[in-house]
S.K.: 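What follows is a single structure, and I will ask about it in a moment.
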Amino acid sequence: LQDQFDNLEKHTQWGIDVLEKYIKFVKERTEIELSYAKQLRNLSKKYQPKKNSKEEEEYRYTSTRAFLATLNEMNDYAGQHEVISENMTSLITGELTRYVQELKQERKSHFHDGRKAQQHIETCWKQLEASKRRFERDCKEADRAQQYFEKMDADINVTKADVEKARQQAQLRHQMAEDSKAEYSSTLQKFNSEQHEHYYTHIPNIFQKIQEMEERRIVRIGESMKTFAEVDRQVIPIIGKCLDEITKAAEAVDHKNDSQMVIEAFKSGFEPPGDIDFEDFTQPMKRTVSESSLSNSRGDGKSEPKFGSKSKGKLWPFIKKNKGAGPEDFSNLPPEQRRKKLQQKVDELNRDIQKEMDQRDALTKMKDVYIKNPQMGDAASVDHRLAELGQNIEKLRLEVQKFEGWLAEVEGRLPARTEQSRRQSGVYEAQNPSGVNSCAQDRESPDGSYTEEQSQETEMKVPATDFDDEFDDEEPLPTIGTCKALYTFEGQNEGTISVAEGEMLYVIEEDKGDGWTRIRRNEDEEGYVPTSYVEVYLDKNAKGA
């Protein structure tokens, strides 16, 4: 390739361009990895539950916990892509950038030496050409001088002096030709030597260095490509662990457990209504309602509290309408929800009692220290605080007893519901004809808060006349918004109200966590419907008030 110096120069420049192109490619890959990692982190953060929010409570289910684990693992997954970017930047981009600078300097040096060698051989060639032309010119001049001398010597008319002068001139020209010949011969030998040295020593050495440089570049780019793959391969085990954790979380999803949690969270304790008896309107007798119907669980109304004409549109199982916060005993809630609320209240009070007792114990120890070491403080100074703590503990214990009484009352009624449901079944009535009569005595209202067996106790607690007056004198609850019925709902239970799909109604009480919303159609028609059956539009001002 001694005659392909220019092509080699172009090829090595192309090699450097390829290396720079690869550096640019890796750099853009690192930017993509960083961008991808950032997007993954933002995505994970976007779907993380907010602290101390209702959304955080929803993550108690196994399916949502699996989703949360997926979000956390995706965050770690994003971290591995950041590692890829960092390693590629340090091991490939940075290293190759420095190498390219060194490569350019080395290439420049080699081709400078090559051009210098080419210029030297070209100079030698020019000297040889000049010496050759001079030798050729002197030989021609000598030949012409010799011919002139011979002509003068043959001419008899020319003087001897002119002939001598021509002879001397011919000898001089011959001498000059001999000198030029000697110089040309010497220059030729020198050029041949330089040319041999150029093509067999200098140029091969330069080309060998260029070849080594080019091969190092090729090896280096190959190693970089290998590193490119290794950087990815190093994070594969960690990414695999992230994916394994996601799979493990997904396998931990328990649909039975989630369903049971939903049941425990929303079960109300209501029993389904029994069969409705046939009402015979052909006989002129007082209209009666089936003993097992939930539309009227009071019988003839003489031996138990009478609700009056307005009770038809009132809301079972609530004895009184809610105004603002619910009653202290949570009697406005379904039995199971009420039991949970009462249990939470008892647990909360017990924790408060424990805190007060811990404070009292700490103060008692402090008082003992003061008694033993009066210089540390006055023992009488803590007596007032100890007395306050004692009073607080006593008050809290009374509260606990009160709520435990209500809790025992609810828990005492809940087991009876299964027996009542069996008594309301048609099979039971068919097997026990007298069961129709006994049903009125055994049946309780769906919240388990009222039975015929408890009629005397109920009459003592809530006299019929007081109850009716209280119901009649109460002002209706203000509306807090409107709602649209998404589905048709047949309100067959007492306290509920039937709605038709697409109907617009007024909201007078939000869902308290039991899955029911209280609505009103007009002054005499109001009741509860499942929250999932309506789309609620609350009035912001009313809600804020």
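What you see below is based on every heavy atom in this structure, not just the backbone, and it leaves out hydrogens, waters and symmetry mates. In this chain, residues are counted from 1 in sequence order.
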S.K.: Please name the pair of heavy atoms, one in Gly515 and one in Asp511, separated by the smallest distance, quoted to 0.1 Å.
M.R.: N-OD1, 3.1 Å
S.K.: Would a distance-only check, ignoring hydrogens and angles, find a side-chain to backbone donor-acceptor pair under 3.5 Å from Arg521 to Gly527?
M.R.: no
S.K.: Which of parallel (below 30°), tilted (30 to 60°) and perpendicular (above 60°) describes Trp516 and Tyr528?
M.R.: perpendicular
S.K.: Using the six-membered ring wherever Trp is involved, compare the ring planes of Trp406 and Phe403 and label them parallel, tilted or perpendicular (cut-offs 30° and 60°).
M.R.: perpendicular
S.K.: CD/Glu503 to SG/Cys483 distance, rounded to the nearest 0.5 angstrom?
M.R.: 8.5 Å
S.K.: Would you say Asn257 and Thr62 are linked by a side-chain donor-acceptor pair, where the criterion is simply a distance under 3.5 Å?
M.R.: no
S.K.: Would you check, one step at a time, whether the test side chain to side chain contact (heavy atoms under 4.5 Å, CB included) holds for Lys367 with Asp383?
M.R.: CA-CA 8 Å; Lys367 181 178 180 180; Asp383 289 341; 2.8 Å; yes
S.K.: Looking at Thr517 and Val529, would you say the former's side chain and the latter's main chain have a donor-acceptor pair under 3.5 Å?
M.R.: no
S.K.: Between Arg385 and Glu388, is the closest basic N to carboxylate O distance under 4.0 Å?
M.R.: yes
S.K.: Can you tell me how far NZ of Lys226 sits from CZ of Arg233, rounded to the nearest 0.5 angstrom?
M.R.: 9.5 Å
S.K.: On a heavy-atom basis, which atom in Leu505 and which in Arg520 lie closest, and how many Å separate them?
M.R.: CB-O, 3.7 Å
S.K.: Roughly how far, to the nearest 0.5 Å, is the CD1 atom of Ile497 from the CZ atom of Arg518?
M.R.: 11.0 Å
S.K.: With side chains defined as the heavy atoms from C-beta onward, is the minimum distance between Lys24 and Glu28 less than 4.5 Å?
M.R.: yes
S.K.: Rounded at 0.5 Å granularity, tell me how far CD in Glu73 sits from CG in Leu68.
M.R.: 10.5 Å
S.K.: With a 4.5 Å limit on heavy-atom distance, are the side chains of Ile84 and Arg29 in contact?
M.R.: yes
S.K.: Val499 and Ile519: side chain to side chain contact (heavy atoms under 4.5 Å, CB included), yes or no, with the steps?
M.R.: CA-CA 10 Å; Val499 296; Ile519 64 172; 3.7 Å; yes
S.K.: I'd like to check Leu389 versus Met357 (side-chain heavy atoms, cut-off strictly below 4.5 Å). Are they in contact?
M.R.: no
S.K.: Walk me through it: do Glu404 and Leu342 pass the test side chain to side chain contact (heavy atoms under 4.5 Å, CB included)?
M.R.: CA-CA 8 Å; Glu404 284 180 342; Leu342 290 171; over 6 Å; no
S.K.: Using side chain to side chain contact (heavy atoms under 4.5 Å, CB included), reason through Tyr77 and Tyr36 one step at a time and then give a plain yes or no.
M.R.: CA-CA 10 Å; Tyr77 188 92; Tyr36 181 51; 3.9 Å; yes
S.K.: Do Met74 and Ile246 make a side-chain contact, defined as non-hydrogen atoms from C-beta onward lying under 4.5 Å apart?
M.R.: yes
S.K.: Do you know the tightest heavy-atom contact between Lys27 and Thr93?
M.R.: N-OG1, 4.1 Å
S.K.: Checking side chain to side chain donor-acceptor pair (under 3.5 Å) against His81, which of Lys38, Glu33, Glu86 comes through?
M.R.: Glu33
S.K.: Show your working on side chain to side chain donor-acceptor pair (under 3.5 Å) between Ser44 and Asn75 and close with a plain yes or no.
M.R.: CA-CA 6 Å; Ser44 176; Asn75 206 40; 4.5 Å; no
S.K.: Contact between Gln48 and Asn72 at the side-chain level, heavy atoms closer than 4.5 Å - yes or no?
M.R.: yes
S.K.: Determine the minimum heavy-atom distance between Tyr487 and Ser532, stating which atoms define it.
M.R.: CE1-O, 3.7 Å
S.K.: Mind listing the closest non-hydrogen atom pair of Ser85 and Leu34 along with its distance?
M.R.: OG-CG, 3.2 Å
S.K.: Indicate whether any N or O donor in one side chain lies under 3.5 Å from an N or O acceptor in the other, for Asp347 and Gln343.
M.R.: yes
S.K.: Between CG of Asp358 and CD1 of Ile353, what distance do you get to the nearest 0.5 Å?
M.R.: 12.0 Å
S.K.: Could you tell me whether the side chain of Gln80 reaches within less than 4.5 Å of the side chain of Asp76, counting heavy atoms only?
M.R.: no
S.K.: Is a donor from one side chain sitting under 3.5 angstrom from an acceptor on the other, for Gln39 and Ser35?
M.R.: yes
S.K.: Distance check, rounded to the nearest 0.5 Å: Ile239 atom CD1 versus Lys241 atom NZ?
M.R.: 12.5 Å
S.K.: So which atom in Glu95 and which in Ser90 form the shortest heavy-atom distance, rounded to 0.1 Å?
M.R.: CG-O, 3.6 Å
S.K.: Can you tell me if NZ on Lys402 sees more than 12 non-hydrogen neighbours from other groups inside 6.0 Å?
M.R.: yes
S.K.: Is it true that, when you exclude Tyr506 itself, more than 12 heavy atoms of the residues, nucleotides or ligands shown sit nearer than 6.0 Å to its OH?
M.R.: no
